[in-house]
Structures are given as structure tokens and as C-alpha cells.
S.K.: 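Take a look at the following structure, please.
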Amino acid sequence: QQDNLLFLWSITVSIFGIGGLLGSSGSRYLTVKFGKKKCLLCNNVLMIVAASIMGCSKISQSFEMILIGRFMCGLSLCVPLHHQYVGEISPKKLRGFANSTSSFFWSLGKAVGQISGQRELLGSQALWPMLMASCGLPALVQLVTLPFFPESPPYLLMHKGDQEGCKKAIRQLWGEGQHQAEIDDIMKEKATMKNTKILSVLELVKEPAFRWQLYMIVILTATIQLCGINAV
């Protein structure tokens with residue numbers, strides 16, 4: 001029984017990463033086809049459903065609901081959209097700062113979750129379902145507020161060819177003014193992408209020019225995962 005319990009705990013922790021792997025694999029296709037804003041809205045719905053399933057697991061007396069909820073959380077969170085969308089809707093002079101805020105709030109959220117999980121707060125036997133369901137609160141806030149934001153201007157111009165929609169989105173985000181330089185930068189990027197072959201994962205692995213960079217990224221990512229953070 002102790003071995004079975006340890007196995008279940010291991011699956012519960014690791015299934016988040018499995019969902020993240022699947023979410024990351026399909027992110028490029030989804031963002032190109034539907035746009036980052038729509039994908040973010042779908043992610044929020046998925047997260048709210050996952051939070052509801054995990055929050056009801058104790059009432060239903062089903063640990064399988066926790067597994068399903070964790071998998072859906074990984075599927076939702078690990079689609080790398082937030083920092084892309086934030087970076088693309090930010091003015092050029094604030095883009096670096098805006099991109100760094102994603103990592104900051106990601107770490108802040110982890111810290112708040114660890115603190116909230118203490119037995120004196122939401123980690124007690126009676127309140128842990130609320131802790132599991134709390135991940136749905138930020139998703140709900142974003143689901144309510146995100147429709148008031150426009151689609152990413154680079155997506156509208158580069159993938160949809162909607163120059164008027166791009167200008168309208170830029171004016172809504174950055175206010176009235178001369179933004180032709182930003183639009184010209186997007187057009188240059190579009191022209192560059194036409195002449196650049198986008199590699200698949202398999203082609204990237206086989207490409208000698210990127211091999212050492214790929215090795216470095218894999219080693220760093222694997223080291224982070226093996227340092228014990230998931231066990232915590």
C-alpha cells in the first residue's frame with residue numbers, strides 16, 4: 001500500500017509536466033491559426049475547468065479528478081503564450097521590461113502557492129480543496145478582462161494581413177500618435193520570415209549549427225527539473 005501511495009503521488013506530480021509537453025508541442029500551430037488572444041481565452045477556460053474538477057475531488061472522493069485537473073493545468077499553463085502576447089502588445093521601449101514581468105509573476109505565484117499551502121492556512125485537511133481550486137481565480141480574472149484587449153498587432157499584420165486592424169490595435173494599446181515606425185518594423189520582420197525556413201523539432205535536432213545551443217538549453221532545463229523543485 002505504501003508503494004502504491006508513493007506511485008500515485010509521483011504520477012500526480014509528474015502528470016503536470018506531461019500536459020505541459022503536449023501543450024507546448026501544439027502551441028505554434030494554435031497561435032498561428034487562432035491568434036494569441038483567442039488561445040489565451042481558451043487557456044483560461046481550461047484552467048477554470050481544471051480548478052473546478054480538483055476542487056470537487058474531495059466531495060467526489062476521487063483522486064482521479066486530481067490527476068485530470070493537474071494534466072489540464074499543465075496543458076493550459078505550459079502553452080507559452082503569456083510572455084509572447086505581453087511582449088507583442090508592449091511599446092518597443094518597454095518590451096524588455098514587459099517580458100521580464102512574466103518570469104517575476106510566475107515566481108511570485110509559486111511563492112504565494114507555497115505559503116498558502118502551509119497547514120496553518122489552506123493546507124489543512126478541511127481546506128486543501130480550496131487550495132487546489134485557487135488556481136482558477138487568476139484565470140477567471142484574465143477571462144473577464146482579456147476581451148477588452150485587442151489581438152496582438154504583429155499577428156494581425158503578419159498572419160492575417162490586416163493592416164487597418166493592426167493600426168487600430170496599436171492605437172488602442174499605445175494611444176494616438178505616430179506609430180508608423182513600429183508598423184514598418186513589423187513589415188520588415190514579416191519580409192524576413194518569408195525568406196526564413198521554420199524548422200521542425202526533428203530538423204532542429206539534426207541541424208549542426210544549433211546543436212551546441214540546443215545541448216545547453218536541454219542541460220539547463222533538465223538541471224532545473226532534477227533539482228527537486230517539483231518534489232517541493
Side-chain angles (χ1 to χ4, degrees), residues 5-27 30 36-37 39-87 97-146 149 217 220-232:
L5 183 61
L6 181 61
F7 175 74
L8 288 176
W9 275 115
S10 302
I11 292 295
T12 303
V13 172
S14 60
I15 201 169
F16 177 88
I18 297 174
L21 178 63
L22 295 177
S24 300
S25 301
S27 62
L30 294 173
K36 294 179 176 64
K37 180 182 174 181
C39 289
L40 280 172
L41 290 171
C42 292
N43 274 3
N44 293 328
V45 173
L46 192 64
M47 179 61 72
I48 292 172
V49 173
S52 302
I53 291 174
M54 291 189 294
C56 296
S57 60
K58 183 179 180 181
I59 298 175
S60 304
Q61 296 183 351
S62 172
F63 72 89
E64 292 90 352
M65 295 177 69
I66 299 178
L67 293 176
I68 295 172
R70 288 273 299 171
F71 176 79
M72 293 174 66
C73 283
L75 194 65
S76 172
L77 281 178
C78 291
V79 177
L81 293 177
H82 294 84
H83 66 280
Q84 293 180 18
Y85 182 73
V86 169
F97 171 77
N99 283 329
S100 65
T101 58
S102 298
S103 300
F104 171 77
F105 284 109
W106 184 278
S107 301
L108 180 63
K110 287 184 176 181
V112 172
Q114 294 291 337
I115 295 172
S116 302
Q118 300 299 313
R119 294 183 184 276
E120 293 79 8
L121 297 175
L122 297 179
S124 62
Q125 188 172 359
L127 297 178
W128 67 262
M130 293 180 60
L131 178 65
M132 299 291 288
S134 62
C135 62
L137 183 59
L140 180 61
V141 172
Q142 190 177 70
L143 183 65
V144 173
T145 57
L146 191 59
F149 288 79
I217 292 173
L220 287 174
T221 306
T223 304
I224 293 173
Q225 297 301 314
L226 294 174
C227 72
I229 187 65
N230 287 336
V232 174

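Only a predicted model underlies this, so the values are computations on that prediction, with no experimental measurement involved.
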S.K.: Out of curiosity, T101 OG1 to L108 CG, how far, rounded to the nearest 0.5 Å?
M.R.: 11.5 Å
S.K.: Measuring from C42:SG to L143:CG, what's the distance to the nearest 0.5 Å?
M.R.: 9.5 Å
S.K.: Could you tell me the separation between the CG atom of L8 and the OG atom of S10, rounded to the nearest 0.5 Å?
M.R.: 8.5 Å
S.K.: Give a yes or no on whether the backbone of L6 and the side-chain of W9 come within a donor-acceptor separation of less than 3.5 Å.
M.R.: no
S.K.: To the nearest 0.5 Å, how far apart are CD1 in I15 and CE in M72?
M.R.: 11.5 Å
S.K.: Taking all atoms of both residues into account, what is the closest heavy-atom pair of K58 and Q125, and its distance?
M.R.: NZ-O, 2.7 Å
S.K.: So Y85 and L146, do their side chains get closer than 4.5 Å, heavy atoms only?
M.R.: yes
S.K.: Do V49 and I53 come within less than 4.5 Å of each other through their side chains, counting heavy atoms only?
M.R.: yes
S.K.: For A139 and I48, which heavy atoms make the closest approach, and how far apart are they?
M.R.: CB-CG1, 3.9 Å
S.K.: Quick check: do C73 and C135 have side-chain heavy atoms less than 4.5 Å from each other?
M.R.: yes
S.K.: For residues L75 and L22, report the shortest heavy-atom separation together with the two atoms involved.
M.R.: CD1-CB, 3.9 Å
S.K.: Examine distances only and state if a side-chain atom of S134 and a backbone atom of L131 form a donor-acceptor pair shorter than 3.5 Å.
M.R.: yes
S.K.: Taking all non-hydrogen atoms of both residues, which atom of L127 and which atom of L121 are closest, and how far apart?
M.R.: CD1-O, 3.4 Å
S.K.: Rounded to the nearest 0.5 Å, what separates atom CD in Q142 from atom CG in L137?
M.R.: 12.0 Å
S.K.: Heavy atoms, side chains only, cut-off 4.5 Å: are F71 and I68 in contact?
M.R.: no
S.K.: Atom CG in L67, atom CZ in F16: separation rounded to 0.5 Å?
M.R.: 14.0 Å
S.K.: Any donor and acceptor pair, going by atom type alone, linking the side chain of Q61 with main-chain N or O of S57 inside 3.5 Å?
M.R.: no
S.K.: If you define the side chain from C-beta out and look only at heavy atoms, does anything of R70 sit under 4.5 Å from I66?
M.R.: yes
S.K.: Show the nearest heavy-atom pair for residues M54 and M65, with the distance to one decimal.
M.R.: CG-O, 4.1 Å
S.K.: Is a donor on one side and an acceptor on the other found under 3.5 Å between the side chain of S76 and the backbone of N43?
M.R.: yes
